[in-house]
Amino acid sequence: MRITPEIVADHGLSADEFARILHLLDRAPNLTELGLFSAMWSEHCSYKSSRVWLRELPTEAPWVICGPGENAGVIDIGDGQAVVFKMESHNHPSFIEPYQGAATGVGGILRDVFTMGARPIAILNALRFGDPAHPKTRHLVAGVVAGIGGYGNCVGVPTVGGECTFHTSYDGNILVNAMTVGIARTDRIFYARAGGVGNPVVYVGSKTGRDGIHGATMASAEFDQRSEERRPTVQVGDPFTEKLLLEACLELMESDAIVGIQDLGAAGLTSSSAEMAARGGAGIELDLDQVPLRERGMSPYEIMLSESQERMLMVIRPGREADARRVFEKWELDFAVIGRVTDSGHLVLRHAGAVVADVPVAALVEEAPRYQRPWVPSPPQAAPEIAAPADMAAALRALVGSPDLSSRRWIWEQYDHMVMADTVQHPGGDAAVVRVHGTGKALAIATDCTPRYCAADPERGGAQAVAECWRNLTAVGARPLAITDCMNFGNPERPEVMGQFAGCIRGMAAACRALDFPVVSGNVSLYNETSGKGVQPTPAIGGVGLLDDLRHVTTLALKHPGDALALIGATAGHLPCSAFARTIAGTEAGPPPPVDLAAERRNGDFVRREIHDHGVAACHDLADGGLAVALAEMAMAGSLGATITATPGALPLHAWLFGEDQGRYLIEVPAGRAQGLLARAAMAGVPAILLGRVESLDSLTLPGGCSISVAALRTAHEAWLPAYMGEG
Amino acid sequence: MKARVHITLKRGVLDPQGKTIARALGSLGFAGINEVRQGKTVEIDLAETDAAAAHSTVAAMCAKLLANPVIEDYRIDLAEG
C-alpha cells in the first residue's frame with residue numbers, strides 16, 4: 001500500500017515530519033511503520049512541543065531516587081522505603097465516554113506505579129468540568145465520578161482526595177487527571193529498560209483487542225468494506241484483571257527474574273517496546289504471532305497500536321520463563337514470550353513469517369521532532385474595582401455554597417477512601433493523610449491548581465499552584481518532598497497558548513526551587529481545545545509530603561471553645577481574580593495575588609515547626625475565598641463557632657475577609673499559648689496576629705458585629721452538589 | 001405495543017463480564033467455550049399502537065438512556081399487545 005499525503009495527514013504527521021521519516025529510514029515506511037512513527041512522534045509520547053520547556057523544572061534533591069523519564073517518580077522516605085508516584089491525564093477519552101474514560105485513566109496510572117515495584121496505597125483525582133449550566137456537564141460529572149469509583153473501589157486502593165472545579169472554558173474539554181501513590185522498597189525499584197542481548201521479551205495481562213486504535217484506520221479508504229469490524233473502539237477497563245496483574249507483578253518482583261518492565265499505556269506495544277529499547281540502548285525483535293489476541297484477523301498495525309488495558313511488557317532473565325509463567329498463570333493471566341532483546345538497535349516486527357517493520361529505535365524515540373514553538377507572553381491584566389457586598393454574611397454563605405467551593409462530599413462518598421485501613425485524614429481536609437502500613441509514618445498528599453490565576457498571569461499562577469500544594473501539605477504537619485505535574489493546555493501551535501505554557505513552567509520552576517520541592521514525574525496534555533477555544537491553562541500539581549510521626553497529623557476542624565485563633569502571613573486584601581470577585585462581584589478580570597516565595601517558605605516552615613514542637617489544635621491554609629471561607633470551613637468541620645476580634649485596619653472589610661493573599665494559615669492554639677506563638681513568629685520574621693477565638697455558640701461573628709449561623713453555612717455548603725446532581 | 005430492547009456491547013469492545021462468565025463456565029466443567037458476550041434486555045409496555053411511532057420512541061429512549069451509543073449497540077423487537 002502506497003503512503004499518500006492524506007494517509008500521512010490522517011496519522012497526525014506534518015509534511016516536514018514525514019520528510020524527516022524518509023530521511024531517517026532512507027526509504028518510504030510501510031503502513032505499520034508509519035503507525036509506529038505516528039504514535040511515537042505524537043505530542044503525547046514525544047513531548048515535542050513541551051520538552052524544551054520541561055527542562056527548566058528542577059528535578060533533583062537528596063531524597064529523589066528517580067526523576068522524570070521513567071514510568072513514575074521515586075523518592076526516599078527513610079527506613080529503606082520509597083514513595084513512587086505520578087499524575088496523568090485522561091481528558092479526551094473521558095469526554096467521549098466518561099465512565100470508561102475515567103476508569104481506564106485510573107487503571108493506567110495505577111500500572112505506572114506498580115510497574116516500578118510499588119504497591120499503590122492511594123489514588124487522587126483533579127477534575128475540571130464545564131459550566132454547571134452547560135447541557136453536558138451533569139452527565140460528564142456523573143460518569144467520571146462513577147468511573148473513578150468503579151475502578152478504584154474494585155481494585156481495592158483508596159481514593160483519598162483531589163479537587164473538582166467548574167468553568168466554562170472546560171465545556172468542550174473536561175480534564176480528568178488521576179494520581180497514584182505507591183510504596184516500594186528502595187532496593188526493589190524496577191525500571192523500564194531492556195537489557196541483555198537474547199533476553200526474552202514477555203507479554204502479560206489481558207489479551208489484545210481493537211481497543212482505542214488510532215482513528216486514522218477508520219479514515220483510510222482501504223478499510224471501507226470492513227469498516228464495521230475495524231471500527232476503533234473505546235477502551236473498557238477491567239479492574240478485577242488489574243488487581244490480578246498487580247498481585248502477579250509484585251509476586252514476580254520478589255524474585256530476581258525481571259530485568260525491565262513497563263506497562264502498556266498510550267500507543268500500547270509500540271511505545272512500551274520502543275521506549276524500553278531506547279532506555280537500554282538495545283534493539284527488540286517481536287513475533288506478533290505470539291501476542292495473545294482477543295479478536296481474529298488483527299493486523300500488525302492494529303496489534304502494535306491497540307490500547308487494550310491491563311497489559312505489561314517485561315524483559316526477564318534467560319531461563320526464568322517457566323518461573324514467571326507459573327506466577328502469571330496462577331493469577332489467571334495471559335503470559336507469552338513474544339520476542340527478545342537484540343543488539344541491532346532496531347525495532348523489528350515479524351508477522352506470519354515475514355518482517356513487517358524494521359525501524360531504528362533511535363528514529364522513533366531520540367530522533368522524534370522537538371519544537372521551539374513561537375510564543376507570546378500573556379498580557380498583564382489591569383485590576384478592576386471590586387465593590388463591597390451589601391451583606392458580608394450573605395456573601396460568605398453564597399461563596400461556601402458556590403459550585404467551586406461547595407462540599408465535594410457527594411463525590412468522595414462514592415469512593416472507597418478507607419480500604420487498606422490506612423487512611424488517617426479522609427477527603428475534605430487540606431491534604432489526604434495515609435499511614436505507611438505497619439509504621440508510625442504517614443504520607444500527606446494533595447493536588448492543587450488555580451486555573452483562573454494561570455489564565456490571568458501564567459507565571460504567577462504556576463508558582464501559586466506549587467506553593468498552594470506545598471502549603472496544603474504543611475498545614476497537616478507534613479514535610480513536603482516532591483511533586484508530579486499534569487500540564488493541561490490548549491493548542492501549542494497558538495503562540496498565546498505556548499506563552500501560557502512557558503509562563504506556567506517558569507513560575508513552577510521558581511516555586512520548586514524556592515521550596516525545595518522538585519518535580520519527579522509528570523505528563524503533558526495539549527490540544528485541549530474545541531473550535532479554537534482552549535481550556536484555562538491548568539498545570540495540576542500533585543504533591544507528596546512525609547509525616548515522620550503520625551501524632552503530628554493536624555486537621556482543619558476547630559476543636560475547643562475558648563482557644564485562640566491566629567492568622568499567620570501578611571494580609572494585603574488582594575481581591576482581583578479571587579473566588580469572591582468571580583462569584584459575588586461577577587468579574588474574572590485582574591491579576592492574581594502576588595506570590596512571595598521567600599515569605600511562603602518562611603511562613604510554612606514556621607507553621608510546621610509550631611505543629612511539631614508546640615502542637616496546634618487545628619490548622620488550615622487560606623486559599624479560594626480567603627480568610628472568611630477558611631474560617632467557615634474550620635467552623636463547619638468542627639461544628640463550633642468563632643468570633644473575629646481583630647479589625648481590618650486600613651483595608652476595606654470585604655478585601656480583608658475575602659482577599660486571596662498567599663502564604664497564609666489559620667491556626668488554633670490554647671488561649672494561654674497564643675502570646676508565645678506570636679512572640680516566636682516575631683522572632684522568625686513571620687507576620688502573625690491574634691485573629692479571634694473559638695466559640696461554643698453555633699455562629700461566626702465577623703468584624704462589625706455581623707454574624708451567621710454555622711448550621712446555615714453548612715446547609716449552603718452541603719446543598720449545591722447533590723442538588724445539582726438531582727439528589728438533593 | 002410491547003417493545004423488547006436487546007442491548008449488547010459493540011463488537012470489539014472488551015466485555016469483562018462475558019470474560020468472567022466464560023471463566024466460570026470453564027471451571028464448572030463446560031469445555032470448549034471460545035468466548036462469551038453478554039448484554040441486557042429491557043421490556044417496555046407502550047400505549048402507542050403504531051409500530052413505526054413506537055419504534056422511533058424506543059430508539060430515542062435507547063439513545064438517551066437505555067444504551068450507551070459510544071460502546072453499545074441495541075436492537076428493538078416490537079410485538080402487538
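A note on names: the letters A, B, ... follow the listed sequences, proteins ahead of strands, and every chain is numbered from 1.
Between A:D211 and B:G12 the shortest heavy-atom distance is OD2-O, 4.3 Å. Shown here for A:D238 and B:K19, the closest heavy-atom pair between the two residues is OD2-NZ, 3.2 Å. When all heavy atoms of B:L14 and A:R294 are compared, the pair lying nearest together is N-NH2, 3.3 Å. Heavy atoms only, all atoms of each residue included: A:G237 and B:P16 are closest at O-CG, 3.7 Å.
Only the side chain of B:N68 comes within contact range of chain A, judged by heavy atoms closer than 4.5 Å. For A:S308, no part lies under 4.5 angstrom from a heavy atom of chain B. For A:E332, the parts sitting under 4.5 Å from any heavy atom of chain B are the backbone and the side chain alike.
By the 6.0 Å contact criterion, CZ on B:R37 is enclosed, its count of non-hydrogen atoms from other residues, nucleotides or ligands being greater than 12. Other residues, nucleotides and ligands contribute more than 12 heavy atoms inside 6.0 Å of the NE2 atom of A:H134.
Atom CZ of A:F240 and atom CD of B:Q17 lie 10.0 Å apart (nearest 0.5 Å). Atom NZ of B:K64 is separated from atom NE2 of A:H139 by 12.5 Å, given to the nearest 0.5 angstrom.
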